[in-house]
2 protein chains.
Amino acid sequence: METQVAEKRHASSKECAARLSAIHDAIYVIGGKWKLKIIIVLREEGSKRFNELQRLVSGISARVLSNELRELELNGFVRRKVFDGRPVIVEYELTEYSDTLSEVLHALNSWGTMHRSKIRSEMQAAAQSDK
Amino acid sequence: METQVAEKRHASSKECAARLSAIHDAIYVIGGKWKLKIIIVLREEGSKRFNELQRLVSGISARVLSNELRELELNGFVRRKVFDGRPVIVEYELTEYSDTLSEVLHALNSWGTMHRSKIRSEMQAAAQSDK
DNA sequence: CAGAATCCATAAGGATACTG
DNA sequence: CAGTATCCTTATGGATTCTG
């Protein structure tokens, strides 16, 4: 048995550190404003070409999209398929590994939906008390 | 029945837009480098005072911690408790609303853990082929 | 102790133009 | 079409100092 000190109600510091580094890794590879959005679009709409993607992910610039796709490819979420011809056609598609994100995406999606409706009802209440 | 066009395999654009805005909201309030880390520490270690928190969330500066705590409070995740005295003591604790994040935290935690071990084994394989 | 204030460095990101 | 290059603005965040 290890020496048992304080903090019974809470997890050990080791567990906390483990969670922190797991979250750290997750944020590192799928964090930021765009990566999950790109993945969602590719999931819902299927493989897409560069300009289509840029249209579908509203607000993203070509420069940023290009950078994000490169990182997503490096991290194994996206595959870049090149079809020769004139002009060359490039398609981006999700890899099987990107499926490992489905739990994360689902959780974020339902939390975001819940949160938004909470905010909306708070604003309603505020408007009510303003009258 | 609405007019049925293309894209049978994939969700409608409306669904996609809904998911995008849900994710957008989520990223907006819990995104960034620090918010989830602070929440995790408060979950695992219980309520904490400012300087304790700064120690536990490694790498964060006082300025950034202060800003993040303010936003977390505004968004209803954290409560700031002030105990008068000399010196004044301030404690930060999670609200009940922060519990709504548990699914998100769990998903991110297990994905991050899985991803890290995947990376580790890839590095092992690479080291192997280098010999 | 719990921060706010200030200053500064770096990163992220938008706009526009350009190219094979 | 699929980006890249360049320039510029804004956001993020670290270090340090200061204060009630």
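Each chain gets a letter, A, B and so on, in the order the sequences are listed, and its residues count up from 1.
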Could you please name the option among D:dA2, D:dG13, C:dG13 that lies closest to any side-chain atom of A:Val90?
D:dA2
Tell me whether the OP1 or OP2 atom of C:dC1 has a side-chain N or O from B:Tyr92 closer than 4.0 Å.
no
Please enumerate all residues that pass side-chain hydrogen bond (donor to acceptor under 3.5 Å, both in side chains) together with B:Glu96, with sequence neighbours excluded.
B:Arg79
Please work out if B:Phe83 contacts a base, only the sugar-phosphate, or nothing of the nucleic acid, heavy-atom cut-off 4.0 Å.
nothing
Pairs in or reaching into residues 109-118 of chain B: which pass salt bridge (charged side-chain N to carboxylate O under 4.0 Å, His left out), with residues at least two apart or in two chains?
A:Asp25-B:Arg116, B:Lys118-B:Glu122
Under a 4.0 Å threshold between the charged nitrogen and the carboxylate oxygen, would A:Glu68 count as salt-bridged to A:Lys35?
yes
Which comes earlier along DNA chain D counting from the 5' end, the contact point of A:Pro87 or that of B:Pro87, where each point is its nearest nucleotide?
A:Pro87
Quick one: side-chain hydrogen bond (donor to acceptor under 3.5 Å, both in side chains) partners of B:Asn51, sequence neighbours excluded?
none
Could you state the atom-to-atom distance from CD1 of A:Ile89 to P of D:dC1 in whole Å?
9 Å
Ignoring hydrogens and angles, tell me if any N or O in the side chain of A:Gln54 forms a donor-acceptor pair with the backbone of A:Ile60 under 3.5 Å.
yes
In residues 23-33 of chain B, which residues come under 4.0 Å of DNA chain C by heavy atom?
none
Looking at C:dA2, I'd like to know if its phosphate oxygens (OP1 or OP2) sit under 4.0 Å from a side-chain N or O belonging to B:Arg49.
yes
Mind checking A:Arg80 for me? I need base, sugar-phosphate or nothing, with any heavy atom below 4.0 Å counting as a touch.
sugar-phosphate
Taking transitive links into account, so neighbours of neighbours count too, which hydrophobic residues share a cluster with A:Ile89 at under 4.5 Å side-chain distance?
A:Phe83
Separation of D:dG13 atom C1' from B:Lys37 atom NZ, nearest Å, is 13 Å
What is the distance, to the nearest angstrom, from the CZ atom on B:Arg55 to the P atom on C:dG3?
16 Å
For B:His115 and A:Tyr97, does a side-chain donor sit closer than 3.5 Å to a side-chain acceptor?
yes
Measure from CG on B:Asn51 to P on C:dG3 and round the result to the nearest Å.
9 Å
Transitive ILVMFWY side-chain link A:Ile119 to B:Ile30, under 4.5 Å:
no
Please determine if B:Lys81 and B:Glu93 form a salt bridge, counting it only when a charged side-chain N lies under 4.0 Å from a carboxylate O.
yes
For B:Gln54 and D:dG13, what is the distance between atoms CD and C1' respectively, to the nearest whole Å?
13 Å
When you measure from every atom of DNA chain C, which of residues 60-79 of chain A have a heavy atom less than 4.0 Å away?
A:Arg63, A:Val64
